[in-house]
**Q** 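Have a look at the structure that comes next, please.
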Amino acid sequence: QVQLVESGGGLVQAGASLRLSCAVSGRTFGTRAMAWFRQAPGKEREFVAAISGRGTSTNYADSVKGRFTISRDNARSTVYLQMNSLKPEDTAVYFCAASPLSRWYENRAAYDSWGQGTQVTVSS
């Protein structure tokens, strides 16, 4: 099992940008698909974005497509989520997740390691 630590959340106004980081421990980072999920109060945890182990394939939820970008730096064992044009509906706790597989999935069951989450709050 790997350990993940998210950072970069905060309180911003609508239209602003944030970059979330997820530092990952372990020796198999470069072979693991990584993903970001988010959960708002009273809502189910939902898929946001994912990236394959080599970083050659990405996937995004329709709600964030065109605004968010997931990337990874395997040399630094870090995955990022660049969030632009933030909306109040983006307010949630954002979680980083690691999969034992190289191919990404949208289902959270495919991910075996999770960070503790970082709060993102977007005011109108």
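Not measured: the values here are computed from a predicted model.
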**Q** So for atom CD, which belongs to Gln116, do other residues, nucleotides or ligands contribute more than 12 heavy atoms lying within a distance under 6.0 Å?
**A**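 Open: at most 12 neighbouring heavy atoms sit under 6.0 Å from CD of Gln116.
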**Q** Applying the 4.5 Å side-chain criterion to the ILVMFWY set and letting contacts propagate, would Val93 and Val120 be lumped into a single cluster?
**A**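 In one cluster: no.
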**Q** Does CD belonging to Gln119 count more than 12 external heavy atoms closer than 6.0 Å?
**A**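 Yes, CD of Gln119 has more than 12 neighbouring heavy atoms, counting only those of other groups under 6.0 Å.
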**Q** Looking at side-chain heavy atoms only, is the closest gap between Arg32 and Val24 below 4.5 Å?
**A**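 Contact flag for Arg32/Val24 side chains = no.
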**Q** Taking Ser99 for the side chain and Ala33 for the main chain, is one N or O donor matched with an acceptor at less than 3.5 Å?
**A**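 Looks like no, no N/O pair under 3.5 Å.
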**Q** Can you tell whether the side chains of Lys65 and Asp62 come within less than 4.0 Å, N to carboxylate O?
**A**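 Salt bridge: yes.
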**Q** Arg38 versus Val64: any side-chain heavy-atom pair under 4.5 Å?
**A**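 In short, these two side chains touch, coming nearer than 4.5 Å.
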**Q** How many angstroms lie between atom OG of Ser77 and atom CZ of Arg72, to the nearest 0.5 angstrom?
**A**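 Output value for this atom pair is 9.0 Å.
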**Q** Are any side-chain N or O atoms of Asn59 and backbone N or O atoms of Ala35, one a donor and one an acceptor, separated by less than 3.5 Å?
**A**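 Such a contact is absent between Asn59 side chain and Ala35 backbone.
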**Q** What are the two closest heavy atoms between Leu20 and Trp36, and how far apart are they?
**A**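 Looking at all heavy atoms of both residues, the shortest contact is CB-CH2, 3.7 Å.
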**Q** Under 3.5 Å, is there a donor-acceptor pair between the side chain of Thr56 and the main chain of Arg54?
**A**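 Not a single qualifying donor-acceptor pair exists.
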**Q** In Å and rounded to the nearest 0.5 Å, what is the CE to OH distance from Met34 to Tyr111?
**A**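 It comes to 9.0 Å.
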**Q** Of all the heavy-atom pairs spanning Ser102 and Thr31, show the shortest one and how long it is.
**A**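 For Ser102 and Thr31, the tightest heavy-atom pair comes out as OG-O, 2.7 Å.
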**Q** How long is the gap from CG on Leu18 to CD on Gln82, to the nearest 0.5 Å?
**A**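 If I round to the nearest 0.5 Å, the distance is 8.5 Å.
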**Q** Can you list the residues that meet the side chain to side chain donor-acceptor pair (under 3.5 Å) rule with Ser17, with sequence neighbours excluded?
**A**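 Here the qualifying residues are Asn84.
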**Q** Within a strict 4.5 Å, meaning less than it, do heavy atoms of the Ser21 and Arg76 side chains meet?
**A**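 No, their side chains stay 4.5 Å or more apart.
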**Q** Any side-chain to backbone donor/acceptor pair from Thr118 onto Glu6? Under 3.5 Å, distance only.
**A**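 No: the side chain of Thr118 does not pair with the backbone of Glu6.
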**Q** For Met83 and Val122, what are the C-alpha separation, side-chain angles and deciding distance, and is it a side chain to side chain contact (heavy atoms under 4.5 Å, CB included)?
**A** CA-CA 11 Å; Met83 305 184 295; Val122 185; over 6 Å; no
**Q** Is there a side-chain contact between Gln13 and Ser123 in this structure, where contact means two heavy atoms from C-beta onward sitting under 4.5 Å apart?
**A**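 Yes, close enough: below the 4.5 Å cut-off.
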**Q** Considering only residues two or more places apart or on different chains, which pairs with a residue in residues 42-101 satisfy ring pair (Phe, Tyr, Trp, His ring centres under 6.0 Å)?
**A**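 Qualifying pairs: Phe37-Phe47.
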**Q** Search all heavy atoms of Cys22 against all heavy atoms of Leu4 and return the closest pair with its distance.
**A**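 Taking every non-hydrogen atom into account, SG-CD2, 3.6 Å.
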**Q** Please test Trp114 against Cys96 for side chain to side chain contact (heavy atoms under 4.5 Å, CB included), starting from the C-alpha separation and ending with a verdict.
**A** CA-CA 6 Å; Trp114 294 79; Cys96 182; over 6 Å; no
**Q** What are the two closest non-hydrogen atoms of Ala40 and Ala92, and how far apart are they?
**A**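 Ala40 and Ala92 have their closest heavy atoms at N-CB, 3.9 Å.
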**Q** Nearest 0.5 Å, what's the CG-OG distance between Leu101 and Ser52?
**A**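 Leu101 atom CG to Ser52 atom OG measures 12.0 Å (nearest 0.5 Å).
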**Q** Going hydrophobic residue to hydrophobic residue with side-chain gaps under 4.5 angstrom, can you get from Val2 over to Ile51?
**A**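 Yes, because Val2 and Ile51 connect within a single hydrophobic cluster, where side-chain heavy atoms sit under 4.5 Å apart.
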